[in-house]
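These numbers come from the heavy atoms of this one structure, side chains and all, not from hydrogens, waters or symmetry mates.
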Amino acid sequence: MVALFSSVYLPRSSLHFLCTTFCSLRVILGSFLLRFGLQNLGKVDMASVQNGLEVFEPEGRNWTPPAPTSKPTTGLHVYNSLSREKVPFVTRDGSKQVTWYICGPTVYDSSHLGHARNYVTFDIIRRIMKEYFGYNILYVMNVTDVDDKIINRARRNYLLDHFLATATNPGEKFFGCRYEREFMEDMKSLGVQDPNVLTRVTEYIPQIIEYVRVILNHELAYVANNSVYFDTKAFRDAGHTYGKLNPWAVGSSQLASESESNFETREKRSSCDFALWKKSKEGEPAWKSPWGMGRPGWHIECSAMASDILGDCMDIHSGGHDLQFPHHDNELAQAEAYFNSSQWVNYFFHSGHLSIDGLKMSKSLKNFITIKEALQKYTSRQLRMLFVIHAWDKPINFSEAAVNEALGKEKQFKNFFSNVQVETRQAALEDDQRWFDDEKRLQRRIQEVQSKVQVRLEDNFDTGGAVSELLLLVKDVHSYIDKCNSMSVKPRIFIIQDAAVYITSILSIFGLSDAGRGDIGFGSSARQGVASVASLEVVVAPCLDAFCLFRDQVRAAAREGAPKEKLLELGDKVRDENMVDLGVRIEDKGGKKIWTARTWQVYQQRSCLRGWESSAFDGHQVPTYNAGGKKLTPVNDEGLFLIPGYLPNSPRITARLLTTFSSAVVLLEPA
């Protein structure tokens, strides 16, 4: 390619077009090669055309495994974006102490499902490393609260002048604080654990300025018109590697200019160079610096803040797949220039991209879904289940089929926990506890699943595979219970509880359950819209009130000499109304009373009609025709009816229908 250009004269504009086209094709081909581990098949890159042709040859693997004095403490293998393969996970010193930096939000808009994919995914991995593998993690997250996107959005919304006129602190001269607060609220709603350290750009300006000054002193940056730029050519000439994560993208102006306005400025020596410190324009946030009034570049902030907390080398750095280049590659270059080192990060984790029905999420495509919008339709547990059953480092398509798969698995676990609770209440200590072949077989299955789950989690956090193993165990327990019932033999409750407790513990590690140690089920489900309880009194008071009311009614009926039909009617009312109001479902099965606790959630928000009327009811007072005479038909296999525009003032009517009969209003359904 170079020989061709050197022997044939081409106008500079034509040369620029050809090189740009070549680089774009190269990026596409490179991404394909990286995806399939074939990155060493090609080694030519056109990095810049402004100062003639620069030939850049990306190396293959630019990663050195940590070499602690002790052996790895676990069998964990992870996909490392720096090595582009699964490698053993080893901390810097071989201990259980892990340092982790995650790129936080740029707070210029509401958080969306793509953010949920990223932060819930790494919350799951963080929990696994802490609660399953026993690592102690120092988890640092930044907030980018001054940035070109924030400034542009503020201008578009005509807010910047107001903030500049009223703010007394330079860090307040942006409107990102609103979206930071909203982001943190969204994370809490999703059950994402707080970071150990939260860093904001506006609170780290002195450290960022000092970071830039050191890189300048190392002669790996230069000043131009009161801005400071990183010198990528000098960096490579000094023996460093630029573009470790995605070398094929180096030279792509379209990618390199991401989140950086005026990227094509003539102030730069090479088009690959990028801003460390930017001269502020009139009306932009600005801080004093040795180079004049300005503000940090996008990439320098993470390098400076992470280095301040974690030092010259960290175990894990994570973020979305789209941040590999330029952001993370530039972070690495800045830190290595600052510390004069060759490896600032030992393991780079990148979460897979999320698309909506196969398309990129975009407001222009009208498929932009905020986290708050998603939580109006699904619970946080359902969204987390979706991410749990998909590989964390692979793309995920948010579609009806994918969501239904997650909902189906959640329902399987719900039914399992409910069945185990029923068996537990029916069991008695006096029951025969001897083990026979079926019990021994089930115990072996529990041990097998425990081993298989460990293998799954050690294999790059294969949570989807782990869930599959758990559901196989669920199936085995159900088969054991069914076999016992068919033989009129009581199941051995302790072994059933062992299986349920283990399953609960793994779901808790994934953040899908908040049940306590040794408990069974999804827990109090405080994040699922059900209030958590603070004391025993709060829990039992409603039930005791219902009992006292029932007692008073029975006593009054007895004093009046009421017939037995009246007493039976009172009993039915307790079952069909009072207990339902308390979220308890009572069923008559084989002469026995079986109760299960149910929670209810609003399923269809668009209904709020007062005084809805039906033209016909069946014998159980279930509406069968609407006021216009149209027959109401079930909308799902549970026989639930959709009554447009109808929402009872109290859940009693709907819940009673759900509990007592096979048909009911769809507006409230079991959570």
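- Remark: the backbone N or O of Arg200 is not paired with any side-chain donor or acceptor of Asn142 at under 3.5 angstrom.
- Considering every non-hydrogen atom in both Ala335 and Ser303, the closest pair reads N-OG, 4.2 Å.
- Using a 3.5 Å distance cut-off with no hydrogens or angles, the side chains of Trp100 and Ser318 do pair a donor with an acceptor.
- Taking the side chain as every heavy atom from C-beta outward, Phe89 and Val98 approach each other to under 4.5 Å.
- Other residues, nucleotides and ligands contribute only 12 or fewer heavy atoms inside 6.0 Å of the CD atom of Glu219.
- Residues Ala406 and Gln382 come closest through the heavy atom pair CB-O, 4.1 Å.
- A donor-acceptor distance shorter than 3.5 angstrom exists from the side chain of Asn196 to the backbone of Tyr139, with no hydrogens or angles considered.
- Residue-environment remark: NE2 (His353) exceeds the threshold of 12 foreign heavy atoms within 6.0 Å.
- Counting only distance, with no hydrogens or angles, the side chain of Arg127 and the backbone of Phe122 share no donor-acceptor pair below 3.5 Å.
- Contact detail for Ala116 and Leu190: the closest heavy-atom pair is CB-CD1, 3.9 Å.
- If you take OH on Tyr204 and CD on Glu301, they are separated by 12.5 Å, rounding to the nearest 0.5 Å.
- At least one donor-acceptor pair under 3.5 Å links the side chain of Asp329 to the backbone N or O of Lys244.
- Ala466 and Phe510 get closest at one heavy-atom pair: CB-CZ, 4.0 Å.
- A donor and an acceptor atom, one from each side chain of Asn330 and Tyr242, are located under 3.5 Å apart.
- Contact detail for Glu331 and Tyr101: the closest heavy-atom pair is OE1-CE2, 4.4 Å.
- Here the side chain of Asn397 pairs a donor or acceptor atom with the backbone of Asp357 at under 3.5 angstrom.
- In this structure a side-chain-to-backbone donor-acceptor pair under 3.5 Å is present from Gln334 to His299.
- Between the side chain of Trp63 and the main chain of Asn346, a donor-acceptor pair closer than 3.5 Å is present.
- Both tests hold for Lys96 against Tyr135: distance to the six-membered ring centre under 6.0 Å, angle to the ring axis within 45°.
- With contacts defined as side-chain heavy-atom distances shorter than 4.5 Å, the pair Arg92/Cys313 qualifies.
- Side chains of Ser110 and Glu182: a donor-acceptor N/O pair is present below 3.5 angstrom, by distance only.
- Between Ile128 and Thr463 the shortest side-chain heavy-atom distance falls below 4.5 Å.
- You'll find the side chain of Lys360 stays beyond 4.5 Å of the side chain of Ser355, heavy atoms only.
- Among the candidates Asn460, Asn118, Asp462, the single residue satisfying the side-chain hydrogen bond (donor to acceptor under 3.5 Å, both in side chains) test with Trp392 is Asn460.
- We find that Glu185 and Lys188 are not joined by a salt bridge, their nearest charged nitrogen and carboxylate oxygen being 4.0 Å or further apart.
- Side-chain contact check for Glu469 versus Ile506: every heavy-atom pair is 4.5 Å or farther apart.
- Atoms CE and CG, on Met184 and Leu198 in that order, are 5.5 Å from each other to the nearest 0.5 Å.
- Under the 30°/60° scheme for interplanar angles, the aromatic rings of Phe461 and Phe349 are found to stand perpendicular.
- A donor-acceptor contact closer than 3.5 angstrom is absent between the side chains of Asp186 and Tyr119.
- Asp231 places a side-chain N or O within 3.5 Å of a backbone atom of Lys233 that can act as its donor or acceptor partner.
- When only modelled atom types and interatomic distance are considered, Glu267 and Tyr229 share a side-chain donor-acceptor pair under 3.5 Å.
- The shortest side-chain heavy-atom distance between Tyr132 and Gln454 falls under the 4.5 Å cut-off.
- Rounding to the nearest 0.5 Å places CZ of Arg213 at 12.5 Å from OG of Ser289.
- In this structure, the side chains of Leu216 and Leu276 stay at 4.5 Å or more apart for every pair of heavy atoms.
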Under the side chain to side chain contact (heavy atoms under 4.5 Å, CB included) criterion, do His317 and Trp344 qualify, and how do the steps go?
CA-CA 10 Å; His317 193 324; Trp344 183 52; 4.3 Å; yes

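- Checked by atom type and distance alone, the side chain of Thr144 never pairs as donor or acceptor with a backbone atom of Thr106 at under 3.5 Å.
- Val467 places a side-chain heavy atom less than 4.5 Å from the side chain of Val388.
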I'd like to know whether Ile215 forms a side chain to side chain contact (heavy atoms under 4.5 Å, CB included) with Ile300, so could you lay out the CA-CA distance, the side-chain angles of the two residues, the decisive distance to 0.1 Å, and finally the verdict.
CA-CA 11 Å; Ile215 296 176; Ile300 192 67; 4.2 Å; yes

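- Aromatic ring pairs are classed by plane angle as parallel below 30°, tilted from 30° to 60° and perpendicular above 60°; the pair Phe230 and Phe274 is parallel.
- Checked by atom type and distance alone, the side chain of Asp315 never pairs as donor or acceptor with a backbone atom of Thr91 at under 3.5 Å.
- Ring-plane geometry between His240 and Phe235 is classed as parallel, the angle between the planes falling under 30 degrees on a 0 to 90 degree scale with a further cut at 60.
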Can you list the steps and then say if Ile371 with Leu113 is a side chain to side chain contact (heavy atoms under 4.5 Å, CB included)?
CA-CA 6 Å; Ile371 292 175; Leu113 269 181; 5.5 Å; no

Val345 vs His328, side chain to side chain contact (heavy atoms under 4.5 Å, CB included): CA-CA, chis, key distance, verdict:
CA-CA 10 Å; Val345 175; His328 288 161; over 6 Å; no

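- Tyr211 and Ser307 form a side-chain donor-acceptor contact under 3.5 Å, judged by distance and modelled atom types alone.
- Taking both residues in full, the closest heavy atoms of Cys103 and Leu323 are given as CB-CD1, 4.0 Å, listed atom of the first, atom of the second, then distance.
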